[in-house]
Trainee: 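Questions regarding the structure given below will be posed in turn.
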Amino acid sequence: MKKLLYLLIVLFQCTVQSQDFIKVENGHFLKAGKPYKYLGTNFWYGMNLAVSNKERLIRELDRLENLGVINLRIIAGSEGNSKIPWTVQPTMQKEPGIYNEELWLGLDFLLNEMKKRNMRAVVCLNNFWPWSGGFAQYISWTKKNESIPYPPPAENGNWRTYQHYSAQFYSNEKAKKWFLNHIKKVISRENSINKISYKNDPTIMAWQLANEPEGSNNVEHYRNWIHETAKFIKSLDSNHLVSIGSEGNTPSPSNGTNFEIDHQSKYIDYCTFHLWVQNWGWFDPLKAKETYPEALEKATNYIDEHVKIAQKLNKPIVLEEFGISRDENSYEANSSIKIRDDYYAFIFDMIYKLSKTTPQVSGVNFWAWGGEGRPSQPMSVWKTGDDLIGDPPHEFQGWYSVYDTDKETQDIISEFALKLNKGNL
């Protein structure tokens, strides 16, 4: 009798939870049968912060909840030993299949705290870039820990050389196998706090293949990898959505991405793209008056281009990364942010208006929440023991982070969160 009662309780819980999973139907997200749209942020360091400073993590989640930020893009994988440069430490996977249990517990804690606040997680499983180990670290492991040709800030670092190295991942069978093992371990994990299996947890909105994977000089294998990896995830977990983590049709054709083709797989549920007016040379903060108007025009065209493709594919689309520096490219936490505030309002307003007329336009995540964290020195390179903020370890700290003292920015976030989230909660 007790066993039967237990099974009935489990079935009831699963039924209730299934009603809360974010689904896709007719080109838009649904939550409990109703359209779901959101304003979110990138909070990639949440898992690590849960290990280093649980109290701060709780405060940051409370701040985000108060702002109406209901979606967090987080990572659930980092690779490499403590000696590798420009990588968040500690890492989850020190060697293939050798894990740091603290990071698993940190991920459990983060997801459980998000559950309390009715937040949703987009869980990124890998990285094209080196700041969490990622593809390049997997490749290095297959070659007996050979040196990785790191991009800047490495001395004589070259971005294209690094991109070609990282793109070897798509045709390296051993590296891909190790990653599939990691995916299986993540999806099959039971949260140590609430005892819910990750694959049965509606707090997770989606699994994401990687952060900004690009075909580079290995395009055919890249597209095969998207399809096969997404298919593998679906074979393990039918509850959750799957996305690529695509940056979109960036201004550089040699990056080897095609937004439409890359998102055609039936196992990819929705489209993602990123927008970087400063990184791509469209905006110069030291010549703001001359370059900002044209940057807005290019940003508008870029968004429109990707939205039209999502309409053609009839899949939801999310602008999941965008950001801009403080005025005059300052890294001081108390410096002016007038242009950032204007830019945030412009992008949020555009996404909001599109969401009212175009069902596929479903969400936006700004890059990135820094909260109460601060660099050891403005424009310093992150090192172990420094505060974790929105800027990853390979970037100068304080570049794009939104701090808890940036009140005007937070007012804008809150205003548009209310508009976008209306009817979801």
Side-chain angles (χ1 to χ4, degrees), residues 44 47 75-100 103-104 123-151 154 157-189 207-237 242-247 255-257 262 265 267-268 392-394:
W44 60 267
M47 173 178 69
I75 62 171
S78 53
E79 299 78 29
N81 61 44
S82 60
K83 297 179 181 178
I84 58 176
W86 307 298
T87 300
V88 63
Q89 295 289 345
T91 61
M92 177 180 268
Q93 195 173 181
K94 294 177 277 189
E95 299 174 27
I98 307 299
Y99 285 89
N100 181 337
L103 269 294
W104 285 114
V123 181
C124 197
L125 298 165
N126 211 329
N127 199 345
F128 187 80
W129 306 113
W131 53 264
S132 65
F135 292 176
Q137 185 58 60
Y138 278 104
I139 291 297
S140 175
W141 278 337
T142 69
K143 299 182 178 183
K144 299 181 180 180
N145 292 309
E146 76 172 7
S147 297
I148 296 170
Y150 288 106
N158 180 276
W159 284 105
R160 191 61 61 194
T161 300
Y162 172 81
Q163 287 164 287
H164 287 178
Y165 185 86
S166 190
Q168 293 178 45
F169 176 83
Y170 311 118
S171 48
N172 186 307
E173 295 304 319
K174 183 181 287 188
K176 289 191 294 182
K177 179 63 176 175
W178 283 337
F179 179 44
L180 293 181
N181 291 342
H182 176 68
I183 291 173
K184 188 173 182 180
K185 191 172 179 68
V186 174
I187 291 175
S188 63
R189 181 172 176 81
W207 303 112
Q208 191 161 92
L209 304 189
N211 176 54
E212 297 188 340
E214 58 181 50
S216 192
N217 61 338
N218 200 7
V219 174
E220 183 178 351
H221 285 101
Y222 158 68
R223 294 206 180 111
N224 289 338
W225 171 80
I226 289 174
H227 182 78
E228 293 302 323
T229 308
K231 181 180 179 181
F232 178 75
I233 293 173
K234 290 290 190 180
S235 74
L236 300 174
D237 178 0
V242 177
S243 57
I244 298 172
S246 169
E247 193 173 8
N255 286 352
T257 56
D262 297 349
S265 171
Y267 301 109
I268 297 299
H394 75 298

Trainee: Pro213 and Gly245: which non-hydrogen atoms are nearest, and at how many Å?
Mentor: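 Residues Pro213 and Gly245, closest heavy atoms: CD-O, 3.6 Å.
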
Trainee: For the residue pair Thr142 and Trp178, establish whether any side-chain heavy-atom pair is separated by less than 4.5 Å.
Mentor: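 With C-beta onward as the side chain, the pair touches.
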
Trainee: To the nearest 0.5 Å, tell me how far Ile244 CD1 sits from Ile268 CD1.
Mentor: 4.5 Å

Trainee: What is the distance from atom CD of Gln89 to atom NZ of Lys94, rounded to the nearest 0.5 Å?
Mentor: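 One finds 10.5 Å between CD of Gln89 and NZ of Lys94.
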
Trainee: What's the shortest heavy-atom distance between Ser140 and Ile148, and which atoms?
Mentor: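 Ser140 and Ile148 have their closest heavy atoms at CB-CG1, 3.8 Å.
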
Trainee: If you apply the rule side chain to side chain contact (heavy atoms under 4.5 Å, CB included), what do you find for Phe179 with Trp225, and how did you get there?
Mentor: CA-CA 11 Å; Phe179 179 44; Trp225 171 80; 3.9 Å; yes

Trainee: Looking at side-chain heavy atoms only, is the closest gap between Phe128 and Gln163 below 4.5 Å?
Mentor: yes

Trainee: Give the C-alpha distance, both sets of side-chain angles, the deciding distance and a yes or no for side chain to side chain contact (heavy atoms under 4.5 Å, CB included) between Lys184 and Leu180.
Mentor: CA-CA 6 Å; Lys184 188 173 182 180; Leu180 293 181; over 6 Å; no

Trainee: Only one of Thr91, Asn211, Asn127 forms a side-chain hydrogen bond (donor to acceptor under 3.5 Å, both in side chains) with Ser132, so which one is it?
Mentor: Asn127

Trainee: Search all heavy atoms of Ala210 against all heavy atoms of Phe135 and return the closest pair with its distance.
Mentor: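 Shortest heavy-atom separation between Ala210 and Phe135 comes out as CB-CZ, 3.8 Å.
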
Trainee: Between Trp159 and Trp129, what is the ring plane arrangement, given parallel below 30°, perpendicular above 60°, and tilted in between?
Mentor: perpendicular

Trainee: I need the minimum non-hydrogen distance between His182 and Ala76, along with the two atoms involved.
Mentor: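 Smallest heavy-atom distance, with atoms named: NE2-O, 2.8 Å.
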
Trainee: Please identify each residue that fulfils side-chain hydrogen bond (donor to acceptor under 3.5 Å, both in side chains) with Tyr170, with sequence neighbours left out.
Mentor: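 side-chain hydrogen bond (donor to acceptor under 3.5 Å, both in side chains) check on Tyr170 returns nothing, list empty.
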
Trainee: Return the CG to CG distance between Asn126 and Leu209, rounded to the nearest 0.5 Å.
Mentor: 9.0 Å

Trainee: Measure from the ring center of Trp141 to the ring center of Tyr138 and say whether it is less than 6.0 Å.
Mentor: yes

Trainee: If you count every heavy atom of other residues, nucleotides or ligands that lies below 6.0 Å from Lys231 atom NZ, does the total exceed 12?
Mentor: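 Counting neighbours around NZ of Lys231, 12 or fewer heavy atoms of other residues, nucleotides or ligands fall under 6.0 Å, so no.
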
Trainee: For Arg223, what residues pass the salt bridge (Lys or Arg N to Asp or Glu O under 4.0 Å) criterion, not counting sequence neighbours?
Mentor: Asp262

Trainee: Evaluate the criterion side chain to side chain contact (heavy atoms under 4.5 Å, CB included) for residue pair Thr229 and Leu125; output intermediate values, then yes/no.
Mentor: CA-CA 11 Å; Thr229 308; Leu125 298 165; over 6 Å; no

Trainee: For the rings on Tyr150 and Trp86, is their centre-to-centre separation under 6.0 Å?
Mentor: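 Yes, close enough.
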
Trainee: Mind checking what makes side-chain hydrogen bond (donor to acceptor under 3.5 Å, both in side chains) contact with Asn218, not counting sequence neighbours?
Mentor: Ser171, His221

Trainee: Measuring from atom CG of Asn217 to atom CD of Gln168, what distance do you get when rounded to the nearest 0.5 angstrom?
Mentor: 8.0 Å

Trainee: Any donor-acceptor pair under 3.5 Å linking the side chain of Ser235 with the backbone of Ile233?
Mentor: no

Trainee: According to side chain to side chain contact (heavy atoms under 4.5 Å, CB included), who are the partners of Ser188, at least two apart in sequence or on a separate chain?
Mentor: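 Expected list: none.
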
Trainee: Say you draw a straight line from CD of Glu95 to CD of Gln137; how long is it, rounded to the nearest 0.5 Å?
Mentor: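 Separation between the atoms: 10.0 Å.
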
Trainee: Side chain to side chain contact (heavy atoms under 4.5 Å, CB included) with Pro392: which residues, sequence neighbours excluded?
Mentor: Trp44, Trp131, Trp367, His394, Glu395

Trainee: For a quick test of reading the model, state the closest non-hydrogen atom pair linking Ser78 to Met92 and the distance between them.
Mentor: OG-N, 2.8 Å

Trainee: Quick one: does Glu220's side chain have a donor or acceptor within less than 3.5 Å of a partner on Asn224's backbone?
Mentor: no

Trainee: Does a sphere of radius 6.0 Å around NZ in Lys234 hold more than 12 heavy atoms from other residues, nucleotides or ligands, not counting ones at 6.0 Å or beyond?
Mentor: yes

Trainee: CD of Glu146: more than 12 outside heavy atoms within 6.0 angstrom?
Mentor: yes

Trainee: To check you understand the geometry: which heavy-atom pair defines the closest contact between Tyr162 and Pro149, and what is its length?
Mentor: CB-O, 3.4 Å

Trainee: Looking at CD of Glu214 and CD of Glu247, how far apart are the two atoms once the value is rounded to the nearest 0.5 Å?
Mentor: 7.0 Å

Trainee: Check step by step if side chain to side chain contact (heavy atoms under 4.5 Å, CB included) holds for Thr257 and Tyr222.
Mentor: CA-CA 9 Å; Thr257 56; Tyr222 158 68; 4.0 Å; yes

Trainee: For Gln208, which residues count as a side-chain hydrogen bond (donor to acceptor under 3.5 Å, both in side chains) partner, sequence neighbours excluded?
Mentor: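 For Gln208, the residues satisfying side-chain hydrogen bond (donor to acceptor under 3.5 Å, both in side chains) (neighbours in sequence not counted) are Arg73, Ser243, Glu320.
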
Trainee: Is there a side-chain contact between Cys124 and Ile75 in this structure, where contact means two heavy atoms from C-beta onward sitting under 4.5 Å apart?
Mentor: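 They are in side-chain contact.
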
